[in-house]
Number of protein chains: 2
Amino acid sequence: MPPNLQPVFRALGDPTRRDILRMLGQEPMTVAQVSDQFDMTRAAVKKHLVMLSDGGLIHVERRGRETINSLNAAALKPAFDWLGWFDQFWEDRLAALQIAIEKDISNDTGHNHD
Amino acid sequence: MPPNLQPVFRALGDPTRRDILRMLGQEPMTVAQVSDQFDMTRAAVKKHLVMLSDGGLIHVERRGRETINSLNAAALKPAFDWLGWFDQFWEDRLAALQIAIEKDISNDTGHNHD
DNA sequence: TTTATGTGATACTAAATGGTATTATGTCAA
DNA sequence: TTGACATAATACCATTTAGTATCACATAAA
(Lines give C-alpha, C1' and ligand atoms only; values in the text may rest on other atoms or scores of the structure.)
Protein backbone atom coordinates (compact mmCIF):
# COMPACT_ATOMS: atom_id res chain seq x y z
CA MET A 1 0.00 0.00 0.00
CA PRO A 2 1.24 3.50 -0.79
CA PRO A 3 2.23 5.69 2.14
CA ASN A 4 -0.41 8.12 3.28
CA LEU A 5 0.74 11.51 2.11
CA GLN A 6 -1.97 13.48 3.79
CA PRO A 7 -0.64 13.76 7.37
CA VAL A 8 2.80 14.52 5.98
CA PHE A 9 1.71 17.40 3.75
CA ARG A 10 -0.63 18.57 6.48
CA ALA A 11 2.25 18.76 8.92
CA LEU A 12 4.40 20.60 6.39
CA GLY A 13 1.72 23.26 5.99
CA ASP A 14 2.79 25.12 9.10
CA PRO A 15 6.03 27.13 9.22
CA THR A 16 6.69 26.36 12.88
CA ARG A 17 6.57 22.65 12.15
CA ARG A 18 8.87 23.03 9.15
CA ASP A 19 11.33 24.87 11.37
CA ILE A 20 11.11 22.13 13.98
CA LEU A 21 11.92 19.50 11.37
CA ARG A 22 15.01 21.39 10.29
CA MET A 23 16.10 21.82 13.90
CA LEU A 24 15.66 18.13 14.63
CA GLY A 25 17.64 17.44 11.49
CA GLN A 26 20.60 18.91 13.35
CA GLU A 27 20.13 16.95 16.57
CA PRO A 28 17.41 15.38 18.73
CA MET A 29 15.92 17.80 21.24
CA THR A 30 13.71 17.82 24.29
CA VAL A 31 10.38 19.62 24.28
CA ALA A 32 11.94 22.45 26.27
CA GLN A 33 14.85 22.78 23.87
CA VAL A 34 12.50 23.01 20.93
CA SER A 35 10.11 25.48 22.51
CA ASP A 36 12.97 27.71 23.63
CA GLN A 37 13.49 28.51 19.96
CA PHE A 38 9.99 29.89 19.47
CA ASP A 39 8.04 32.83 20.78
CA MET A 40 5.09 30.80 21.94
CA THR A 41 4.13 28.70 24.92
CA ARG A 42 5.51 25.26 25.52
CA ALA A 43 2.01 23.84 25.18
CA ALA A 44 1.68 25.29 21.68
CA VAL A 45 4.98 23.78 20.61
CA LYS A 46 3.96 20.51 22.17
CA LYS A 47 0.85 20.42 19.99
CA HIS A 48 2.99 20.88 16.92
CA LEU A 49 5.19 18.04 18.09
CA VAL A 50 2.13 15.83 18.52
CA MET A 51 1.06 16.58 14.96
CA LEU A 52 4.52 15.78 13.70
CA SER A 53 4.47 12.55 15.67
CA ASP A 54 0.99 11.65 14.39
CA GLY A 55 2.26 12.09 10.86
CA GLY A 56 5.25 9.89 11.63
CA LEU A 57 7.69 12.70 10.92
CA ILE A 58 9.37 12.51 14.27
CA HIS A 59 10.18 9.83 16.80
CA VAL A 60 9.33 10.56 20.44
CA GLU A 61 10.98 8.80 23.34
CA ARG A 62 10.50 9.45 27.01
CA ARG A 63 13.73 9.37 28.99
CA GLY A 64 13.24 10.03 32.66
CA ARG A 65 11.39 13.27 33.05
CA GLU A 66 12.18 14.58 29.61
CA THR A 67 11.15 13.44 26.15
CA ILE A 68 13.53 13.33 23.25
CA ASN A 69 12.15 14.29 19.85
CA SER A 70 14.15 13.10 16.87
CA LEU A 71 13.64 13.46 13.15
CA ASN A 72 12.26 10.57 11.13
CA ALA A 73 13.38 11.82 7.76
CA ALA A 74 12.14 8.75 5.93
CA ALA A 75 8.58 10.00 6.35
CA LEU A 76 9.42 13.02 4.20
CA LYS A 77 10.60 10.97 1.27
CA PRO A 78 7.11 10.23 -0.14
CA ALA A 79 6.30 13.95 -0.16
CA PHE A 80 9.58 14.62 -1.93
CA ASP A 81 8.81 11.92 -4.46
CA TRP A 82 5.31 13.28 -5.01
CA LEU A 83 6.72 16.69 -5.84
CA GLY A 84 9.32 14.99 -7.99
CA TRP A 85 6.62 14.12 -10.47
CA PHE A 86 6.59 17.78 -11.51
CA ASP A 87 10.28 17.49 -12.18
CA GLN A 88 9.33 17.00 -15.82
CA PHE A 89 8.33 20.67 -15.98
CA TRP A 90 11.53 22.11 -14.54
CA GLU A 91 14.38 23.15 -16.75
CA ASP A 92 17.26 22.89 -14.29
CA ARG A 93 15.70 19.92 -12.64
CA LEU A 94 18.77 17.88 -11.88
CA ALA A 95 21.26 20.66 -11.31
CA ALA A 96 21.63 20.55 -7.54
CA LEU A 97 21.56 16.80 -7.25
CA GLN A 98 23.95 16.33 -10.11
CA ILE A 99 26.60 18.22 -8.21
CA ALA A 100 26.36 15.75 -5.34
CA ILE A 101 26.51 12.79 -7.66
CA GLU A 102 29.52 14.07 -9.54
CA LYS A 103 31.28 14.44 -6.24
CA ASP A 104 30.55 10.80 -5.45
CA ILE A 105 31.89 9.77 -8.82
CA SER A 106 35.07 11.77 -8.39
CA ASN A 107 35.51 10.16 -4.97
CA ASP A 108 35.32 6.81 -6.67
CA THR A 109 38.11 7.82 -9.01
CA GLY A 110 40.32 8.95 -6.15
CA HIS A 111 40.23 12.64 -6.93
CA ASN A 112 40.87 14.98 -4.05
CA HIS A 113 38.63 17.91 -3.23
CA ASP A 114 40.35 19.33 -0.15
CA MET B 1 14.65 37.39 -1.78
CA PRO B 2 13.78 33.75 -1.19
CA PRO B 3 10.43 32.54 -2.48
CA ASN B 4 7.67 32.41 0.10
CA LEU B 5 7.16 28.75 0.83
CA GLN B 6 4.17 29.19 3.06
CA PRO B 7 1.31 29.53 0.53
CA VAL B 8 2.81 26.68 -1.48
CA PHE B 9 2.98 24.20 1.40
CA ARG B 10 -0.39 25.46 2.60
CA ALA B 11 -1.93 24.69 -0.77
CA LEU B 12 -0.32 21.25 -0.84
CA GLY B 13 -1.90 20.41 2.51
CA ASP B 14 -5.22 19.50 0.94
CA PRO B 15 -5.68 16.31 -1.12
CA THR B 16 -8.18 17.88 -3.50
CA ARG B 17 -5.70 20.59 -4.37
CA ARG B 18 -2.92 18.06 -4.89
CA ASP B 19 -5.20 16.15 -7.24
CA ILE B 20 -6.02 19.33 -9.12
CA LEU B 21 -2.33 20.07 -9.62
CA ARG B 22 -1.74 16.63 -11.07
CA MET B 23 -4.74 17.01 -13.37
CA LEU B 24 -3.56 20.40 -14.61
CA GLY B 25 -0.18 18.81 -15.18
CA GLN B 26 -1.86 16.82 -17.92
CA GLU B 27 -3.64 19.74 -19.56
CA PRO B 28 -5.21 23.11 -18.76
CA MET B 29 -8.86 22.87 -17.73
CA THR B 30 -11.86 25.08 -17.17
CA VAL B 31 -13.46 25.36 -13.75
CA ALA B 32 -16.26 23.06 -14.88
CA GLN B 33 -13.83 20.46 -16.21
CA VAL B 34 -11.97 20.42 -12.93
CA SER B 35 -15.04 20.27 -10.72
CA ASP B 36 -16.53 17.46 -12.81
CA GLN B 37 -13.76 15.27 -11.43
CA PHE B 38 -14.79 15.77 -7.81
CA ASP B 39 -17.75 14.89 -5.69
CA MET B 40 -18.32 18.40 -4.41
CA THR B 41 -19.95 21.58 -5.60
CA ARG B 42 -18.39 23.81 -8.20
CA ALA B 43 -18.13 26.58 -5.63
CA ALA B 44 -16.02 24.36 -3.38
CA VAL B 45 -13.66 23.51 -6.22
CA LYS B 46 -13.53 27.15 -7.19
CA LYS B 47 -12.32 28.02 -3.70
CA HIS B 48 -9.52 25.50 -4.02
CA LEU B 49 -8.59 27.05 -7.36
CA VAL B 50 -8.47 30.47 -5.75
CA MET B 51 -6.09 29.17 -3.10
CA LEU B 52 -3.91 27.58 -5.72
CA SER B 53 -3.92 30.84 -7.64
CA ASP B 54 -3.12 32.88 -4.52
CA GLY B 55 -0.12 30.63 -3.93
CA GLY B 56 0.97 31.11 -7.53
CA LEU B 57 0.64 27.40 -8.27
CA ILE B 58 -1.72 27.88 -11.17
CA HIS B 59 -2.29 30.49 -13.84
CA VAL B 60 -5.86 31.64 -14.42
CA GLU B 61 -7.03 33.22 -17.65
CA ARG B 62 -10.53 34.27 -18.55
CA ARG B 63 -11.48 33.38 -22.11
CA GLY B 64 -14.97 34.41 -23.03
CA ARG B 65 -17.34 33.01 -20.47
CA GLU B 66 -14.98 30.32 -19.26
CA THR B 67 -11.71 30.49 -17.36
CA ILE B 68 -8.74 28.32 -18.16
CA ASN B 69 -6.69 27.07 -15.24
CA SER B 70 -3.18 25.91 -16.04
CA LEU B 71 -0.36 24.55 -13.92
CA ASN B 72 2.51 26.81 -12.92
CA ALA B 73 4.92 24.06 -11.99
CA ALA B 74 7.75 26.45 -11.24
CA ALA B 75 6.01 27.44 -8.03
CA LEU B 76 6.43 23.87 -6.76
CA LYS B 77 10.17 23.83 -7.21
CA PRO B 78 10.98 25.70 -3.96
CA ALA B 79 8.95 23.18 -1.97
CA PHE B 80 10.76 20.34 -3.71
CA ASP B 81 14.08 21.97 -2.96
CA TRP B 82 13.12 22.52 0.66
CA LEU B 83 12.38 18.83 1.05
CA GLY B 84 15.58 18.06 -0.81
CA TRP B 85 17.53 19.27 2.18
CA PHE B 86 16.53 16.05 3.95
CA ASP B 87 18.01 14.14 1.10
CA GLN B 88 21.10 13.73 3.28
CA PHE B 89 19.14 11.32 5.49
CA TRP B 90 17.86 9.01 2.76
CA GLU B 91 19.78 5.93 1.86
CA ASP B 92 18.62 5.48 -1.70
CA ARG B 93 18.40 9.17 -2.09
CA LEU B 94 19.70 9.60 -5.58
CA ALA B 95 18.95 6.24 -7.08
CA ALA B 96 16.36 7.15 -9.67
CA LEU B 97 17.92 10.41 -10.72
CA GLN B 98 21.41 8.95 -10.79
CA ILE B 99 20.38 6.57 -13.53
CA ALA B 100 19.40 9.47 -15.75
CA ILE B 101 22.58 11.35 -15.02
CA GLU B 102 24.84 8.38 -15.62
CA LYS B 103 23.24 8.01 -18.99
CA ASP B 104 24.17 11.63 -19.72
CA ILE B 105 27.73 10.99 -18.61
CA SER B 106 28.03 7.89 -20.74
CA ASN B 107 26.75 9.90 -23.65
CA ASP B 108 29.55 12.37 -22.99
CA THR B 109 32.15 9.61 -23.04
CA GLY B 110 30.68 7.97 -26.09
CA HIS B 111 29.90 4.71 -24.31
CA ASN B 112 26.98 2.74 -25.58
CA HIS B 113 24.45 1.12 -23.30
CA ASP B 114 21.92 -0.19 -25.78
C1' DT C 1 -33.89 39.35 -27.96
C1' DT C 2 -34.41 35.68 -25.19
C1' DT C 3 -32.41 31.83 -23.04
C1' DA C 4 -29.04 28.78 -21.45
C1' DT C 5 -24.37 28.32 -19.74
C1' DG C 6 -20.04 29.17 -17.19
C1' DT C 7 -18.44 31.67 -13.74
C1' DG C 8 -17.88 34.79 -9.58
C1' DA C 9 -19.42 36.49 -5.15
C1' DT C 10 -21.65 36.28 -0.93
C1' DA C 11 -23.55 34.44 3.31
C1' DC C 12 -23.75 30.65 6.16
C1' DT C 13 -22.23 26.33 8.92
C1' DA C 14 -19.40 22.72 11.11
C1' DA C 15 -15.05 21.35 12.07
C1' DA C 16 -10.13 21.91 12.34
C1' DT C 17 -6.25 24.90 13.58
C1' DG C 18 -3.14 27.54 16.37
C1' DG C 19 -2.82 29.59 20.23
C1' DT C 20 -3.37 30.57 25.72
C1' DA C 21 -3.97 29.42 30.59
C1' DT C 22 -4.30 26.16 34.07
C1' DT C 23 -3.81 21.93 36.41
C1' DA C 24 -2.00 17.36 37.18
C1' DT C 25 1.76 13.94 37.15
C1' DG C 26 6.12 11.75 37.24
C1' DT C 27 11.11 12.35 38.16
C1' DC C 28 15.49 14.20 39.71
C1' DA C 29 18.05 16.42 43.44
C1' DA C 30 19.04 18.59 47.97
C1' DT D 1 10.90 13.93 52.07
C1' DT D 2 10.42 18.00 50.13
C1' DG D 3 10.80 20.91 46.33
C1' DA D 4 11.99 22.09 41.75
C1' DC D 5 11.57 20.66 37.08
C1' DA D 6 10.01 18.69 32.53
C1' DT D 7 6.21 17.27 30.62
C1' DA D 8 1.25 15.92 29.73
C1' DA D 9 -3.56 16.95 29.64
C1' DT D 10 -7.47 19.65 29.61
C1' DA D 11 -10.52 23.48 28.83
C1' DC D 12 -11.13 27.42 26.44
C1' DC D 13 -10.90 30.97 22.58
C1' DA D 14 -10.43 33.26 17.90
C1' DT D 15 -9.54 32.32 13.28
C1' DT D 16 -9.29 29.60 9.26
C1' DT D 17 -10.85 25.92 6.50
C1' DA D 18 -13.79 23.18 3.65
C1' DG D 19 -17.90 22.69 2.46
C1' DT D 20 -23.01 24.16 1.14
C1' DA D 21 -26.69 27.05 -0.95
C1' DT D 22 -27.99 30.99 -3.37
C1' DC D 23 -27.82 34.87 -6.35
C1' DA D 24 -25.82 38.00 -9.74
C1' DC D 25 -23.38 38.70 -14.06
C1' DA D 26 -21.31 38.17 -18.51
C1' DT D 27 -21.27 35.62 -22.72
C1' DA D 28 -22.61 32.31 -26.24
C1' DA D 29 -26.38 30.37 -28.74
C1' DA D 30 -31.20 29.84 -30.47
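First the proteins, then the strands, lettered A, B, ... as listed; each starts at 1.
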Q. Which is it for A:Val60 and A:Leu49 under the side chain to side chain contact (heavy atoms under 4.5 Å, CB included) test, yes or no, and what are the steps along the way?
A. CA-CA 9 Å; A:Val60 178; A:Leu49 288 170; over 6 Å; no
Q: Answer yes or no: does a side-chain N or O of B:His48 lie under 4.0 Å from OP1 or OP2 of D:dG19?
A: yes
Q | Rounded interatomic separation in angstrom, taking CG from B:Leu49 and C1' from C:dG6 | A | 13 Å
Q) Given atom CG of A:Asp36 and atom C1' of D:dC5, what is their separation to the nearest angstrom? A) 13 Å
Q. Who pairs with B:Ser35 by side-chain contact (heavy atoms from CB on, under 4.5 Å), at least two apart in sequence or on another chain?
A. B:Arg42, B:Val45
Q. Can you tell me how far P of C:dT7 sits from NZ of B:Lys46, to the nearest Å?
A. 9 Å
**Q.** Nucleic acid contacts - residues 14-34 of chain A versus DNA chain D, non-hydrogen atoms under 4.0 Å
**A.** A:Thr30, A:Val31, A:Ala32
Q) Which letter, B, S or -, goes with each nucleotide of nucleotides 20-30 of chain C from 5' to 3', with contact meaning a protein heavy atom under 4.0 Å? A) BB-----BB--
Q) Hey, are the side chains of A:Leu76 and B:Phe89 touching, using non-hydrogen atoms and a 4.5 Å cut-off? A) no
(Q) Between C1' on D:dA6 and CG on A:Asn69, what's the gap in Å once rounded to a whole number? (A) 12 Å
Q) Between atom CE in B:Met51 and atom C1' in D:dA18, what is the gap in whole Å? A) 7 Å
(Q) Between P on C:dG18 and CG on A:Leu12, what's the gap in Å once rounded to a whole number? (A) 12 Å
Q: Measure from CD on B:Glu66 to C1' on C:dA4 and round the result to the nearest Å.
A: 14 Å
